[in-house]
Amino acid sequence: MRKNISILDQYKDYAVNIGIEIHVQLTTKSKLFCASAHEQSEKPNSNICSICAGHPGVLPVLNKKAVDYAILAGLATDCSISKLCSFARKHYFYPDLPKGFQTTQGDIPICTEGFIYIRLDDGSEKKIRLTRIHIEEDAGKNIHASGSDESFVDLNRAGTPLLEIVSYPDIESTDEAKSYLKTIHTLVQYLNICSGNMQEGAFRADTNISVRKKNNPELGTRCELKNINSFKFITDAIEYEIQRQIELIESGKPVDQETRLWDTKKNVSRSMRSKEDAQDYRYFSEPDLPSIVVSEEWIARMQKTMPELPRVKQQRLINDYGLLLEQADIIVNDLALVQYFEKAAQHTKSKRLINWILRDLMAYVKEFKISLFSCRVTPQKIAQIVDLLDQNKINNNAASQIFLAIAESGGEPAALIEQMGLQQIGSMEDLEKIIQEIIAKNPNQVEQFKNGKQKLFGFFVGQAMQKTKGNADPKVLQELIKKYLK
Ligand code: MN
């Protein structure tokens, strides 16, 4: 696998420590503490009620599905599941937070002390520890109208359920950060608890970065980069932040603990506010919600619904289908792709399958911006194409033509071979007959060739390709021509 260049390569005596908090929006039908629909809506303030709009005197009721999902996420990341946990109020003022506090979990979150493995660029794995996973509600959205000095508040998102997944600062490079994010991003989609849609903010990361001299084991002062929702921006922002902090230290200036915003247009980070510590939020235990009691039976029930997880699936694909690690890595990290591959693999044993999926199919769906399963080349049809190739009924060129024909207007591979006249002329007898005919029809050229006009070899190959309409193996044709021209 390719090693990316990092700013750390230029500062060999520095190390970086990165801890990441990921906010995962859960795909429950209703919000975390009320029955309002949890869905995207074009119309502002259409999915709200007195509870998520923060009216006084209303009482929240916890959505059980959100707890199910939290337990599932905890089990998938080897966390301990707390048998008893509770909610807390985290106070701060924002116009899109009508209660004046966020209902979240404090000292006792539902999941603690887990870990996941990430893949490094040399193919090895690294363990990244999680401190906790907790359940909390999201805030609404402030909308600052362009071309006017008015601002609006849309509370559709207020009270929607989130999981916050918090890592230890075990991440030690930009590449590791990216790999960590992708691993969690894939995992929550396998668990079917989050859409993973980053543009819509369903998966977003706050990144805590600190640099230190390698010989100093103590962590440096950290800066937090807030709410970045694209893998590219996160990578750019981390690289920028590592450099910014190293340059401060090199010039003898202190790194201030603060929260910074990444400006995606200018590719710089800017200070947003000096970072609060936990005590600034005046956490206290939420009096309106009872503690959550999680029984062994509840945990066992969730464990039963656990799907095959990406890391296990990857090993199985390597063992069962002989995929290379890199191939398995690519498809396992894309849920639709791995589902497509496994469907196709039910219909063929061909070793060509993975290449046709990764090369032809992926190129096609990318070019035409369609989803894998809406492509007319279904898993079954791609399996038929590679089987026809394996059986020498068509050559690569014909297979590509058939692939494109199906992708554009559908059809059955076997029928298309006939319709498009793409049968590979494979039997040696057929080919010998064709070459003999060509030689018989062109006595002049044969004589000139035998008299030393070597260039004419190309003429015979051209004739043979024409006669076989490009459906014969060119190497075999050349061998035969040589044989008959001797
Ligand atoms: Mn949070």
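None of these values were measured; they are calculated from a predicted model. Counting starts at 1 for both ligands and their atoms, in listed order.
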For this session: Using side-chain contact (heavy atoms from CB on, under 4.5 Å) as the criterion, list what pairs up with L372, not counting sequence neighbours.
Result: A336, L337, Y340, L361, M362, V365
Problem set entry | Tally, protein N/O/S atoms nearer to the Mn ion (ligand 1) than 2.8 Å | 3
Exercise. Testing K99, R157, Q102 for side-chain hydrogen bond (donor to acceptor under 3.5 Å, both in side chains) with E137, which one passes?
Worked result: K99
Problem set entry | Residue pairs, two or more places apart or on separate chains, that pass ring pair (Phe, Tyr, Trp, His ring centres under 6.0 Å) and touch residues 300-327 | Y321-F341
Exercise. For R359, does the CZ atom have more than 12 heavy-atom neighbours from other residues, nucleotides or ligands under 6.0 Å away?
Worked result: yes
Exercise. Quick check: are there more than 12 heavy atoms from other residues, nucleotides or ligands sitting under 6.0 Å from NZ of K65?
Worked result: no
Seminar exercise, completed: For A37, the side-chain contact (heavy atoms from CB on, under 4.5 Å) test, sequence neighbours excluded, returns E39, N47
